[in-house]
Amino acid sequence: MTSLSNTDRSVAGRGALGAAGPWILAALLLGVLPMLFGSPSSVTIMNQMAITIVFALSYNMLLGQAGMLSFGHAVYMGLGGFFAMHVLNWIEEYELTLPLPFLPLIAGLFAMLMAALIGLFSTRRAGTVFAMISLGVGELVAACSVIIVAFFGGEEGVSGDRTVAPFLGMEFLHPEDVYYLIAFWLLLSALGMYLFSLTPLGRMANAVRDNPERAEFLGYSARWVRYGSFVASGFFAGVAGGLFAINYEILTEENLNLATSGMILLVTFLGGTGYFVGPVVGAVVFTLLQSVLSLQTEIWQLYVGILFVATVMFFPQGLAGLIAMHGPAMRAGRLGSLAGPYARVLIPGAIGAAGVAALFEMFHHLRTAAPGDEAMTLFWITFDTHSAAPWIAAAAAAAGGLFLAARGAPAMRAAWDEANRIAQGGAK
Amino acid sequence: MSVPALEISGLTKNFGAAKIIRGIDLTVARGERHAIIGPNGAGKSTLFNLITGRFAPSSGSIRLHGEEIGGLAPYEINRRGLSRSFQITNIFPRMTVFENLRCALLWAQGYRYSFWHMVGRQRALNEGAERIMEEINLAARRDVPAGLLSYAEQRALEIGVTIGGGADVIMLDEPTAGMSHSETDYIVDLIRKVTEGRSLVMVEHDMGVVFGLADRISVLVYGQIIATGRPEEVRGNPEVQRAYLGAVLEKEEAAG
């Protein structure tokens, strides 16, 4: 994969097909996915995933590309979404003809306008000042949602009907109909954001991220470079909001509050901010966790939190960084030598994690289940949470698994070092 | 006579009650290589920062090609044709050598805040960056993140980034600081080569470099210029001997 890194050099020198290759693959994949996972629930998850990808990529234009930590990015997705919802209602009310596929563009332009206004003062400084202003603006707009009821619809939000805007005879009644619309916009937005990173403004965003002062001595105002990234990022966040409006047909305060802003930071960081595909990985993993894990357990957010903390602590480059880390060893054909040591850590580690999770779940059951309801089913086994045996079993699995994993870790590290030593030696 | 590249008159800078620059007049002609020397704490770096817009002057005027630039922002000064390097290496550490140089060329080649050009397809831009990379002998390190270069290589890149935009007034702040003898020779050759036909203002502690490179020298002591002239004039000036050079030259002779 040649286009993984933010510090990637020019596309010149590579063939046009080489540069377009990953995009053609992505388009094909998006095209066949509904055939592989055709059930309504899968399509729902994929729609949600695609929207989160667009949102996370737009967030990474700030965090990864321009070095701006925002705590209020949901504002732009939310504003775009609310506006799209209103446009949809206007179409119905005034019998306008505006095909649904153009709605995300309108949402994006509206969010871009808002970003252009807010960015005028928020992008003067980077770092803590920018982060604090983004937090303040986020709270401000979220508070406005119960004040400016005409736009935000108060507590019940704004809802609409996407079938009022047919396109080429398509009514977009079912989630599957919407899937291709969302997939199209996902591809278009991702391509747009990727190409943006290759423009003079996008390159200078990296320069300003690395060293704003030096950029100023090269003729660029760090502030206006940040502003450019901010406005562009606002546009794509708005596109995500428009897609959200189309998919869910309702926008509420939840779409622009702090929790959503925090979620997208988590998603982006989980995937890896240093890689263009990082946010894509993060959004896919997070959406899967959210939709699959939340069906299994009420305390799924606890696990997501643990995963996030572990990522920040052990893999600050994110999941994409974890994958990219194996590039040199793979090119040297040394990946096989890692399989054994990895298995000796990961298998006991998984058992240990399952044991810890079982303890969490049993504790949660003990505290929240109705009195008299003492039976619990975990890992396909039904047992009584008030007896000692399951607690002992779970604790033993947790302690034993983690002990074995920790004991295997030095060997894994040694194997890793060895594989990379050979990989680097071979390259010279 | 043509307009000087740089013309400073009555320049002062106070930080609160502390007077750091106490009235400086200095003229650098076009094409001249001018060195500023002086003891530590004389205000050399402050003078640099005033000229390049990092600080605003308290009073006085700074003219670049006859145009007042005192108090302008660094990017505005750079756009008028003045570029500087830093005493502490100041590059883009996470970007590759090539990317560093290409960013240095963007504004000068007129791309401004463009989001409709693809940098990879701009021929003049990429060839320009490649050419500077050749000049500073870093072609072999093209795709290495700048933060991973050796110290001397980072200094060379710093100079490459400084001259990249084609500014006609180049200001170098201690370009050979912390370098070995061979590295210093390499950097001096490089400076001589890349500042051909441009005006150079340089702060430097290494007297070998100063006397080898400069057409004229100014001696800054305690926020004032006590002497300006050709190297041999400055070397023979008794006041300079007493205030600064005597001690330095003795030390160099003792060391050499």
Side-chain angles (χ1 to χ4, degrees), chain A residues 2-3 5-16 18-19 61 64-67 112 191-233 235 273-275 317, chain B residues 52-54 73-86 89-123 125-127 129-130 142-147 158 161-162 164-165 167 171:
Chain A
T2 44
S3 57
S5 166
N6 270 346
T7 52
D8 199 11
R9 60 191 172 92
S10 68
V11 288
R14 244 192 287 157
M61 285 180 87
Q65 306 271 351
M112 185 168 89
L191 187 64
M193 286 185 260
Y194 181 69
L195 292 180
F196 179 86
S197 75
L198 300 178
T199 64
L201 187 56
R203 298 282 79 200
M204 285 313 293
N206 283 4
V208 166
R209 169 199 70 195
D210 275 14
N211 192 341
E213 183 178 50
R214 194 55 163 125
E216 294 242 321
F217 286 99
L218 295 177
Y220 280 89
S221 157
R223 179 205 174 169
W224 292 115
V225 172
R226 280 195 290 267
Y227 182 74
S229 292
F230 189 76
V231 171
S233 165
F235 172 79
T273 59
Y275 301 86
Q317 295 294 305
Chain B
T52 56
R54 214 181 194 185
Y75 59 89
E76 293 172 305
I77 294 172
N78 179 268
R79 290 173 196 174
R80 286 166 169 75
L82 183 147
S83 183
R84 74 167 290 180
S85 76
F86 292 80
T89 302
N90 209 345
I91 47 179
F92 305 113
R94 286 166 64 190
M95 293 160 59
T96 63
V97 169
F98 180 73
E99 279 291 350
N100 267 272
L101 292 169
R102 195 160 62 177
C103 280
L105 291 171
L106 281 174
W107 190 277
Q109 292 208 358
Y111 290 101
R112 302 170 66 90
Y113 298 104
S114 159
F115 52 88
W116 51 89
H117 294 97
M118 292 288 113
V119 286
R121 293 179 190 276
Q122 309 303 317
R123 217 183 158 145
L125 178 69
N126 291 296
E127 284 174 357
E130 300 276 2
R142 185 186 192 277
D143 298 320
V144 178
E158 169 94 38
V161 169
T162 304
M171 305 202 34

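Keep in mind that the numbers below use all heavy atoms, side chains included, and drop hydrogens, waters and symmetry copies. Only a predicted model underlies this, so the values are computations on that prediction, with no experimental measurement involved. A note on names: the letters A, B, ... follow the listed sequences, proteins ahead of strands, and every chain is numbered from 1.
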Point to revise | Short side-chain to backbone donor-acceptor contact, B:N90 and B:E158, under 3.5 Å | key: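 No, because the side chain of B:N90 does not come within donor-acceptor range (under 3.5 Å) of the backbone of B:E158.
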
Exercise for review: Name the member of B:A108, B:G165, B:G53, B:A104 that forms the most heavy-atom pairs with chain A at distances under 4.5 Å.
Suggested key: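 Of the candidates given, the most pairs with chain A belong to B:A104.
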
Point to revise | Contacting region of B:L105 [heavy-atom separation from chain A under 4.5 Å] | key: neither

Practice item. Check each atom of B:Q109 against the heavy atoms of chain A and say whether the ones under 4.5 Å are side chain, backbone, both or neither. Key: neither

Practice item. Specify which of A:L195, A:V208, A:N211 makes the most heavy-atom pairs with chain B at under 4.5 Å. Key: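 Highest number of heavy-atom pairs under 4.5 Å: A:N211.
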
Review point. Taking only residues two or more places apart in sequence or in another chain, which ones pass salt bridge (charged side-chain N to carboxylate O under 4.0 Å, His left out) with B:R112?
Key: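 None.
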
Revision key, fill the gap. Sequence neighbours excluded, the answer for side chain to side chain donor-acceptor pair (under 3.5 Å) partners of A:R223 is none

Review point. With a 3.5 Å cut-off and no angle check, do the side chains of B:T162 and A:R214 form a donor-acceptor pair?
Key: yes

